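These figures come from a predicted structure and were not determined experimentally. Naming convention: chains lettered A, B, ... in sequence-line order (proteins, then strands); numbering from 1 in each chain.
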Amino acid sequence: MEKLDILVTGVGGQGVVLASDIIGEAALAAGYDVKKTDTLGMAQRGGSVVSNVRIGPEVRSPMIKDGEVGLLLAFEKLEAARWSNYLRPDAIAIINDYEQPPLSVSLGQGKYPTDGEITTALKRRTNRIYFVDGNRLARELGNVRTVNILMLGCLSVFTPLDADVWKKCISQRMSEKLRDINLTAFGKGREEMENVRIK
Amino acid sequence: MKNNLQLLSGNEALALGAYHAGVRVATAYPGTPSTEILENMARFKDLYAEWSTNEKVAMEVAMGAAYTGTRAMVSMKHVGLNVASDPFMAASYTGIIGGLVIISADDPQIHSSQNEQDNRHYARLAKIPMLEPTDSQDAYELMHHAFNISEEFDTPVMLRSTTRISHSKSVVNVNRSRPAKNKPAAFYFNQQKFVMLPVYALPRHAIIEERIVKLAEYAEKFPLNRIIKGDSKLGIVASGIAYQYAREVFSEASFLKLAMTWPLPEKMIKNFAGSVERLIVVEELDPFLQQNIRAMGIEVIGKEFIPAVGELNTRIVAESSGIAGLLPDSEKDDILSPAEGLPRRPPLLCPGCPHTGIYFTLNTLGQRSKLVASKEPQEPKLVVTGDIGCYTLGTYPPLSALDTTACMGAGIGQALGMEKAGVKSKVVAIIGDSTFMHSGITGLVDAVYNDGHITIIILDNRTTAMTGHQEHPGTGISAQGQETSAVDIESLARGIGVKDIKVIDAFDTNALRESVKDSLDRPEVSVIIVRGACAMRVRKRENPRKVDVEKCTQCNYCLRLGCPAIQGTDDQVFIEPTLCAGDICGICEQICPQQAINI
């Protein structure tokens with residue numbers, strides 16, 4: 001693998017940073033050089049969150065240049081559209097089909113984009129756009145908060161890293177209480193994406 | 001020791017490096033992007049780590065420890081060094097016994113600060129050595145060197161990080177371990193060194209001038225200052241994160257990577273400049289390296305095309321270099337603009353935030369929505385001077401509650417200044433509990449002593465919330481989790497001489513309103529302590545509130561709270577049950593004119 005630039009985005013509280021940490025740790029465990037950086041904004045909750053993860057033989061800048069993201073993993077739809085210009089041509093975008101309107105939308109000062117508008121923004125770069133009903137799937141597994149690991153499962157099938165490496169790194173970052181459900185969520189995400197890919 | 005690769009943030013690497021360098025006393029006041037350094041130090045049980053009241057105290061505690069031969073470290077954000085600059089300058093004069101390292105974590109791009117000052121100037125001002133990592137590996141290794149330099153040259157050493165170094169993770173080969181316990185702390189009588197009376201300080205000045213000359217000689221041999229030979233057409237001098245961007249953009253060029261950026265290795269720079277056809281500096285913020293290299297009589301450019309504002313990235317370095325003719329124009333092709341018309345998602349006060357009620361009170365009492373709507377500048381009926389913390393977010397609509405924010409503790413002095421200048425409006429200063437401990441107490445003393453009439457509202461959420469819930473003197477828990485003495489704000493204010501002190505429940509909107517009105521009318525300094533736990537620390541979220549659509553008249557008054565749980569799509573307001581804080585808050589229920597919000 002020459003290099004892989006992954007952008008993970010979502011809303012504060014959705015577990016973007018943990019998911020991107022696990023990507024980084026899995027890549028290191030698989031023998032790659034890794035750099036990652038998080039932009040959190042000022043507060044811990046409610047704001048846009050984005051993590052850059054760069055994997056390759058040798059990584060310099062921790063931040064991905066716009067136009068070079070190979071894999072976009074978005075836990076919220078609007079946030080996916082926000083980073084559409086960072087995609088490289090033919091990038092893969094995996095998007096949680098979940099909408100959390102920002103306050104400005106609630107106050108009537110902005111409009112939440114339609115699915116069509118979100119897709120149009122992304123299609124400027126790629127047609128490889130996968131929507132996953134992550135919140136519903138995670139809820140069905142018993143804990144909606146595992147959506148980040150479920151989405152990580154979706155992403156994992158597009159990387160050269162083995163499932164076992166992913167599972168080991170997920171296990172290391174979870175308390176005993178949450179380990180099994182997150183491993184199940186990861187498996188569910190992989191399964192979901194395998195199905196999508198066959199189509 | 002065999003290779004042990006770990007993915008560490010810059011802050012984690014700095015802490016681990018310090019631990020492996022044998023640090024025994026670590027101090028800090030929380031501040032983005034430096035906070036995690038002390039948090040990581042505090043996890044080690046075989047050293048002493050403290051959250052200090054502010055950066056000045058943190059610096060003084062670390063100095064005291066270093067005077068006893070103990071290795072000590074103090075970490076802070078860039079503006080923290082402004083607060084600590086007095087003992088910082090003194091530490092340069094006295095020197096140390098045990099190594100003393102001062103970490104300044106700067107914030108280019110102002111991710112979470114009030115400015116983007118370049119603290120490299122401080123090292124030059126204080127005439128002390130400065131080291132700058134380009135990634136976590138450097139951060140880990142430089143810490144080892146920093147302590148050795150400190151002790152070899154009897155000087156504090158500044159280690160300068162930036163947000164992008166501190167908050168990025170990269171691979172570190174952890175190849176050191178903590179040394180066995182060094183000799184016990186002991187302070188030895190030495191007035192000429194430690195008492196900065198004029199008679200002793202002037203000779204110390206001569207010593208630091210000699211010291212900086214010796215350090216400049218040392219910089220020539222410093223092992224982490226490195227030349228990377230490439231194409232001789234272009235030579236690039238870089239340090240910190242800018243080095244990484246430049247290496248990525250100019251993959252063919254020759255590089256001088258400076259890990260020690262003060263004092264500069266003049267001979268090394270001259271040799272490097274002589275080996276290349278053209279010399280440039282790629283650096284973030286000020287032309288610090290550039291100006292100092294130019295002062296050596298070397299022809300060099302940098303800030304003529306690299307922006308001085310904001311943080312850099314590979315795109316900015318590539319584009320600005322393209323414009324300067326250093327790269328082919330192909331760099332500019334194929335850039336997309338961001339998708340248009342997307343609503344922003346700025347950070348907000350959380351659902352159940354104990355600041356929302358008081359801000360709503362100030363907003364309505366001061367009729368502040370009118371200020372925002374007015375095209376002409378208006379005098380607020382009620383001026384609210386603000387401070388630094390989560391509560392600074394109350395500036396944004398719909399609360400629009402703050403008129404000023406400058407630096408830690410500034411609001412109280414500013415409020416008094418406005419009153420003494422004779423402004424017609426009533427003036428309120430609003431400050432968080434941790435910020436009050438940091439820098440608010442002296443302002444309160446000033447207001448009492450000078451017979452002010454201002455009202456000071458202390459938002460007491462029992463934590464340093466914005467930086468991630470660190471303890472502070474008011475919580476009675478130490479950085480390492482021990483129970484200690486809590487400073488009681490109410491008794492403190494009383495001791496200072498404040499007579500009108502009210503303690504109000506942050507979620508009781510009537511009490512908030514009545515207490516503010518009462519205090520504003522009094523011809524004396526008033527203190528209102530608004531007490532309520534930070535919503536992020538409350539785990540129980542019972543009985544989320546609901547909107548009764550039968551009673552709701554869609555007046556949207558509840559949306560003026562700016563609560564993220566209250567959402568108004570398709571004309572009908574609803575409360576998102578997974579976000580609502582429920583019973584701990586209930587503010588929307590109290591303010592709804594139709595009583596349409598309930599359990």
Report yes if some heavy atom in the side chain of [X] is under 4.5 Å from a heavy atom in the side chain of [Y]; otherwise report no.
X        : Y        : answer
A/Asn52  : B/Ser168 : no
B/Ser170 : A/Asp33  : no
A/Ser84  : B/Leu336 : no
A/Asp66  : B/Ile335 : yes
A/Asp21  : B/Lys169 : yes

Please output the residues of residues 53-61 of chain A in contact with chain B, using a heavy-atom cutoff of under 4.5 Å, in numerical order.
A/Arg54, A/Arg60, A/Ser61

Got more than 12 heavy atoms from elsewhere within 6.0 Å of [atom1], [X]?
X        : atom1 : result
B/Arg537 : CZ    : yes
B/Arg226 : CZ    : no
A/Lys168 : NZ    : no

Give a yes or no answer on whether the side chain of A/Arg124 reaches the backbone of B/Ser337 with a donor-acceptor pair at less than 3.5 Å.
yes

Would you find a donor on one side and an acceptor on the other, under 3.5 Å apart, between the side chain of B/Arg345 and the backbone of A/Val11?
no

Top residue by heavy-atom pair count (under 4.5 Å) with chain B, among [options]?
options                              : answer
A/Ile118, A/Leu28, A/Val144          : A/Leu28
A/Arg125, A/Glu25, A/Lys111, A/Glu79 : A/Arg125
A/Glu68, A/Glu117, A/Glu76, A/Gln109 : A/Glu76

CG of B/Leu7 to CD1 of A/Ile22: how many Å apart, nearest 0.5 Å?
12.0 Å

How long is the straight-line distance from CH2 of A/Trp83 back to CG of B/Leu342, given to the nearest 0.5 Å?
11.5 Å

Heavy-atom closest pair, residues B/Pro343 and A/Val105
CG-CG2, 3.7 Å

Tell me which of these, B/Gly562, B/Pro564, B/Gly10, has more heavy-atom pairs under 4.5 Å with chain A than the rest.
B/Gly562

Under 3.5 Å, is there a donor-acceptor pair between the A/Thr37 and B/Arg164 side chains?
yes

B/Glu248 and A/Lys65 ion-paired at < 4.0 Å
no

In sequence, state the C-alpha distance, the side-chain angles, and the governing distance for B/His167 and A/Asp38, and then conclude on side chain to side chain contact (heavy atoms under 4.5 Å, CB included).
CA-CA 7 Å; B/His167 285 178; A/Asp38 310 315; 6.0 Å; no

For B/Glu576, salt bridge (Lys or Arg N to Asp or Glu O under 4.0 Å) partners two or more places apart
none

